[in-house]
Every structure is written in C-alpha cells, then in structure tokens.
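The structure under discussion appears below in the form of structure tokens.
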Amino acid sequence: MTTRTRGATVSWSRANARRLGRQSLSGSASPAGHTALDVTGAVAAMLGAHAQVLSAAELSVGLRAPGVTRTDVRTALWTDRALVKTFGPRGTVHLLPAEDLPMWTGALSAVPMGGSPFPKDARMTPDQVEAVVAAVADALTGAELTVDELSDEVIARTGPWAGDLVMPAFQGMWPRWRQVLHLAGHRGALCYAPNRGRKATYTNPGAVPMPGPEATAALVRRYLRAYGPATPAHFARWLAAPRGWAGQLFADLAGSGTIEEVSFEDCGTAYVVAGDTLFPAEEPRGVRLLPYFDAFAIASWPRERLFPAAAYERALAGGQAGNFPVLLVDGTVAGVWHQRRSGKRIAVTVEPLSPLDTGRTRALEEQVERVGEVLEGTAELTVGKVTVGGHA
C-alpha cells in the first residue's frame with residue numbers, strides 16, 4: 001500500500017521503505033508492485049555498483065536480482081558489454097550500465113574540479129590536462145592497453161613532461177599524467193577492459209557524453225528516484241561535488257519544475273522528482289546482507305537513521321560507510337558480517353548487534369544461501385558475537 005505525501009512530512013521510515021523497494025531490497029526478493037531486476041536493472045537501480053573489489057559488486061548485483069550469479073555479471077561486463085567498469089561517483093571504480101554512460105560522463109564532466117591536492121611542482125596546467133585526456137582517448141581507441149603501455153603512448157603524444165615521476169605511489173613514484181586517470185574516465189575517454197593476466201587494461205568506451213546541463217538534470221532525477229527525499233548536501237556528498245554547485249543545481253531544477261520540495265523528517269526541506277510523492281505506508285520488514293561499499297549503505301541519508309545507536313559505532317569507520325559488510329534488519333543496520341572462501345565452501349559469519357528471533361534467523365539463513373548462489377559456491381552460516389567499543 002502506498003499513500004501520497006504532498007504537503008505532509010515524509011518520515012524516515014517511509015522514505016527508507018521506498019528506497020529499499022526500488023532496489024529490490026525489501027523483505028521479499030521481488031516485492032509486490034516491482035518487477036524482478038536483471039543485471040543491468042540492478043546496477044541502474046542503485047546508481048552504480050562500487051567495483052574496486054569486483055566480487056563485492058557481483059554480490060551487490062546478485063542480492064538484488066533473483067537468480068543472477070557472478071558469471072552473469074561478468075558476462076554482462078566483458079562479453080555482452082551491457083555494463084562498463086569505469087570511474088564513477090567520488091572518482092571510485094564502479095559498474096555502470098553501458099546505455100547510461102553518456103549521462104554519467106556528461107554529468108561527471110560537469111562537476112567543478114577542486115584545487116589540486118598535489119605539490120606545486122607535480123601539478124598540471126589546464127592545457128596539459130586537456131592534452132593528456134585527448135592522448136588517452138586517442139591511444140585507447142580500438143586498443144586494450146595496460147597502464148604502462150598507456151603511459152608510453154600518452155608520453156609519446158604529449159611530451160616528456162607527462163612522464164615526470166612526481167606522484168607518490170605505493171612502492172615508488174608514478175608519472176605526472178596519472179593524476180588525471182580518473183578524469184579521463186569521467187570524460188568518457190577511458191574505461192576498464194578485461195584483465196590481461198593479473199594486469200588491468202583500459203580501452204576507450206566510445207560513448208559521447210551528453211551536454212552537461214542535460215546530463216546533470218538526468219542524474220539528479222535518477223538519484224532522487226533511488227534515494228529521495230534528499231537535500232543538495234546529500235547529493236553533493238554522494239557525488240563528491242561542491243555543495244554550492246549542488247545547491248544551485250537543485251534550485252535551478254526546482255525552478256524549472258523538474259524536482260519539488262518536500263518536508264523530510266530530521267532534514268527539513270528536501271527534494272523528490274516532481275510528482276514522485278507516493279511512499280509505502282508499511283514499515284520496512286525483512287533481513288538482508290549487503291557487501292562492502294554497497295550503494296544503498298553509502299547513499300542513504302540521514303546516515304544516523306540507517307546506522308542507529310551501536311550500529312553507528314560498529315559498522316562505520318569514522319562516519320564513513322562501506323568499510324564493513326552490513327546486516328539489515330527491518331531496513332536498518334543491525335550488525336556486520338564477513339566471509340572466507342575455501343574452494344567452493346564459503347564460511348559466512350554474521351555478528352548481529354542483538355539476538356535474532358527464529359523467523360529472522362531463518363530469513364538470514366536464506367540470505368546466506370543466496371550469497372553462496374551468487375558467488376557460485378556453498379555458503380555456511382555462523383552467528384557470532386559483535387564487539388562494540390571493546391566489549392562483546
């Protein structure tokens with residue numbers, strides 16, 4: 001059951017229930033009124049799957065899409081090319097639907113760049129940045145190159161300055177041009193290609209970015225459909241964009257009738273897509289497991305409502321979401337979990353913050369079984385004791 005909330009304050013619970021439902025994270029795998037998601041549908045619904053660790057992205061997708069396994073995700077990515085692995089929100093590696101890449105690259109290119117975090121003698125001029133991005137696009141067109149191969153091509157196309165070893169790296173120094181690798185992804189000049197052995201490779205996805213205003217408007221609509229009601233500050237933090245820029249963007253879209261204001265519990269004035277004011281009347285129910293850096297845990301605000309009480313201390317790292325896989329019970333974080341794989345066997349240990357009753361334990365067992373299916377193994381559940389503030 002849903003009710004319209006125009007003129008009334010949207011409660012956290014109802015907003016959370018809608019977010020969960022739209023990502024197939026409600027109590028059932030395919031809640032009433034929602035079509036079961038496929039691979040690309042699941043990635044689109046969460047606005048990109050964080051893929052710094054690909055297995056975590058595979059779990060994020062599979063836990064939203066009934067019957068989907070990690071092989072299905074890899075097939076969509078590397079064979080069908082329905083997904084693209086590239087630099088997405090916050091400059092981090094994400095899986096994005098290929099058909100949405102023009103919107104993403106157009107919007108990400110439109111976000112104002114902040115000041116350079118690098119020392120003065122390591123920085124690049126605006127002209128040098130543009131030269132490197134153009135060189136990356138040219139070198140990767142019709143090619144799949146490792147970063148070292150790409151480096152040689154970029155330096156050959158731009159000049160020796162691009163190869164100056166001025167960027168501190170894990171075990172040495174990187175060439176100057178590497179500081180704009182993620183920007184090349186945002187501009188649509190670069191995305192990941194299949195690994196060559198253990199080495200990552202890159203290619204040019206061939207997508208033409210949308211014009212900035214059109215792309216940013218489309219991304220705000222998608223964001224609010226998935227995570228609204230939300231404030232400009234929420235959007236800015238999710239995207240790693242300047243707050244002032246996000247505030248003006250929301251004001252312009254509200255002025256054009258694209259989005260509208262609502263009153264949101266604990267947040268005051270927030271926004272939804274114009275006319276998108278239906279929210280579930282029922283409280284969130286069910287048990288769910290979410291992996292590292294799952295989009296729902298990162299993008300849902302206010303964070304202290306999703307991570308209540310002890311969950312805020314145990315499942316966040318200094319307020320940063322995503323560093324711990326989390327257990328959701330009735331829509332809020334109620335514990336953490338981890339897995340260890342040995343061959344086909346996957347040992348899943350769940351540490352709830354409070355004891356689970358029989359029904360929730362059964363639902364958790366079903367989630368663990370689903371983890372095994374997604375990862376193409378056999379998962380076994382152990383319920384452990386969580387430690388909060390040094391005490392079990």
Side-chain angles (χ1 to χ4, degrees), residues 1-23 25-26 45-47 89-90 107 110-112 114 213 216-284 294-313 315-322 326 328 330-334:
M1 177 181 176
T2 58
T3 58
R4 194 170 299 278
T5 61
R6 185 172 283 119
T9 297
V10 180
S11 70
W12 152 256
S13 177
R14 296 181 69 190
N16 194 36
R18 190 171 84 166
R19 294 168 182 171
L20 289 161
R22 288 184 172 179
Q23 294 191 32
L25 291 175
S26 296
M46 70 178 101
L47 279 188
R90 303 174 302 283
V111 177
T216 52
L219 183 59
V220 169
R221 289 195 300 270
R222 296 281 191 92
Y223 171 80
L224 292 178
R225 289 279 186 192
Y227 299 108
T231 68
H234 296 156
F235 178 76
R237 183 157 182 178
W238 169 76
L239 196 59
R243 286 195 177 195
W245 174 83
Q248 186 60 57
L249 174 61
F250 272 56
D252 292 344
L253 292 174
S256 69
T258 301
I259 64 177
E260 66 176 271
E261 292 184 358
V262 295
S263 179
F264 184 28
E265 184 180 8
D266 293 344
C267 296
T269 299
Y271 293 86
V272 295
V273 174
D276 189 27
T277 55
L278 288 174
F279 289 84
E282 298 82 9
E283 297 279 329
D294 188 86
F296 180 83
I298 290 174
S300 293
W301 288 85
R303 186 159 284 168
E304 61 272 14
R305 297 300 299 269
L306 183 64
F307 293 80
Y312 198 91
E313 179 181 351
L316 295 173
Q320 172 67 49
V326 296
L328 293 184
D330 297 342
T332 60
V333 175

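Between L239 and L219, some side-chain heavy-atom pair lies under the 4.5 Å cut-off. Side-chain contact between N16 and F296 is present, with heavy atoms from C-beta onward closer than 4.5 Å. Residues D330 and E283 have side chains not in contact (no heavy-atom distance under 4.5 Å, counting atoms from C-beta outward). Within the 4.5 Å cutoff, side-chain heavy atoms of L20 are placed close to those of L328. Contact annotation: the side chain of R90 approaches that of I298 to within less than 4.5 Å [non-hydrogen atoms, C-beta and beyond]. Here the side chains of F279 and V262 are not in contact, with every heavy-atom distance at 4.5 Å or above.
Ring-plane geometry between Y271 and F250 is classed as perpendicular, the angle between the planes exceeding 60 degrees on a 0 to 90 degree scale with a lower cut at 30.
Once rounded to the nearest 0.5 Å, the distance linking CG of D276 with CZ of R221 reads 12.0 Å. Here W301 contributes atom CH2 and F235 contributes atom CZ; the two are 14.5 Å apart, rounded to the nearest 0.5 Å.
Residue-environment remark: CZ (R243) stays at or below the threshold of 12 foreign heavy atoms within 6.0 Å.
Of all non-hydrogen atoms in P229 and A270, the two that sit nearest each other are CB-CB, 3.9 Å. Of all the heavy atoms in A246 and A236, the pair that sits closest is CB-CB, 3.8 Å. Residues A315 and V326 share a closest heavy-atom pair of CB-CG1, 4.0 Å. P280 and R18 get closest at one heavy-atom pair: CD-CB, 3.6 Å. In this structure, L306 and G331 approach most closely via the heavy-atom pair CD1-O, 3.5 Å. Closest non-hydrogen pair, A311 versus V333, comes out as CB-O, 3.4 Å.
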Steps toward side chain to side chain contact (heavy atoms under 4.5 Å, CB included) verdict (I259, V220): CA-CA 9 Å; I259 64 177; V220 169; 4.3 Å; yes

Side chain to side chain contact (heavy atoms under 4.5 Å, CB included) between D266 and E304, worked out: CA-CA 10 Å; D266 293 344; E304 61 272 14; 5.6 Å; no

Candidate pair S13 and S11, rule side chain to side chain donor-acceptor pair (under 3.5 Å), full reasoning: CA-CA 5 Å; S13 177; S11 70; 5.0 Å; no

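A side-chain donor-acceptor contact under 3.5 Å links T216 to the backbone of P213. Checking side-chain atoms of Y312 against main-chain N and O of R305 turns up no donor-acceptor pair under 3.5 Å.
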